[in-house]
Every structure is written in structure tokens, then in C-alpha cells.
Amino acid sequence: MSQSQQVPEAPLLRATATPPGRPLARIDEHRVCATPKCQTRLSAYNRDERCWQHEPVHRYTLTVHSGR
């Protein structure tokens with residue numbers, strides 16, 4: 001972008017706090033990926049048996065809630 005071009009002003013965005021919900025489920029034991037020779041330690045919040053690199057490809061569903 002050259003100096004003579006101006007960036008248009010962005011609309012004002014405001015952050016709002018999310019209401020407290022139910023806590024995420026945790027698995028407190030130390031686990032590693034189930035794929036042989038992979039020593040990746042899994043997150044306490046990862047319910048799967050494999051790390052992200054070895055997880056089979058599957059479809060994710062994104063849920064978007066309207067403002068009001």
C-alpha cells in the first residue's frame with residue numbers, strides 16, 4: 001500500500017464477558033497419543049486417544065448464536 005492511500009476506519013468493536021457456564025471436562029491422568037512411536041502428551045481437555053496429527057479426518061460442526 002502506498003503512502004497516498006489511506007486505510008478506511010474500522011467500526012468500533014466492543015468485547016463483552018461471557019456468562020459463566022459449565023466447566024470443561026478434564027482428564028487428570030497423564031496420557032500420550034495411541035499411535036505407535038508418537039510420544040505426544042495429550043491435553044487434559046482432549047477426550048480423544050490420539051493427538052491432532054494422528055486423529056482421523058472428520059467433519060466439524062460450527063454453531064453460531066445470534067446476538068439477541
Side-chain angles (χ1 to χ4, degrees):
M1 186 182 283
S2 71
Q3 288 183 344
S4 63
Q5 294 176 331
Q6 293 198 2
V7 177
E9 259 189 61
L12 181 63
L13 302 176
R14 296 181 190 268
T16 57
T18 58
R22 80 175 179 230
L24 294 173
R26 271 182 70 99
I27 301 169
D28 288 328
E29 64 189 55
H30 297 287
R31 302 174 303 130
V32 294
C33 179
T35 302
K37 296 186 180 181
C38 181
Q39 294 299 311
T40 301
R41 185 173 168 182
L42 299 177
S43 165
Y45 300 101
N46 182 353
R47 296 180 299 200
D48 298 320
E49 295 179 359
R50 294 185 181 93
C51 66
W52 68 272
Q53 289 180 312
H54 296 113
E55 184 65 27
V57 177
H58 50 82
R59 176 177 284 176
Y60 287 95
T61 303
L62 176 64
T63 303
V64 177
H65 300 280
S66 64
R68 291 182 187 228

Could you give the distance from CD (Glu49) to NE2 (His54), rounded to the nearest 0.5 Å? 14.0 Å
Arg31 (side chain) donor-acceptor with Asn46 (main chain) under 3.5 angstrom: yes
How about Glu55: does its CD atom have over 12 heavy atoms from other parts shown lying under 6.0 Å from it? yes
Interatomic spacing from CH2 in Trp52 to OG1 in Thr40 - rounded to 0.5 Å: 9.0 Å
Tightest non-hydrogen contact, residues Leu42 and Asp48, listed as CD1-O, 3.6 Å
Salt bridge (Lys or Arg N to Asp or Glu O under 4.0 Å) involving Arg26 - partner list, sequence neighbours excluded: Asp28
Heavy atoms from other residues, nucleotides or ligands near CZ of Arg50 exceed 12 (cutoff 6.0 Å): no
Going from SG on Cys33 to CD on Gln53, what distance comes out if it is rounded to the nearest 0.5 angstrom? 8.5 Å
Close side-chain approach of Cys38 to Val32, heavy-atom, < 4.5 Å: no
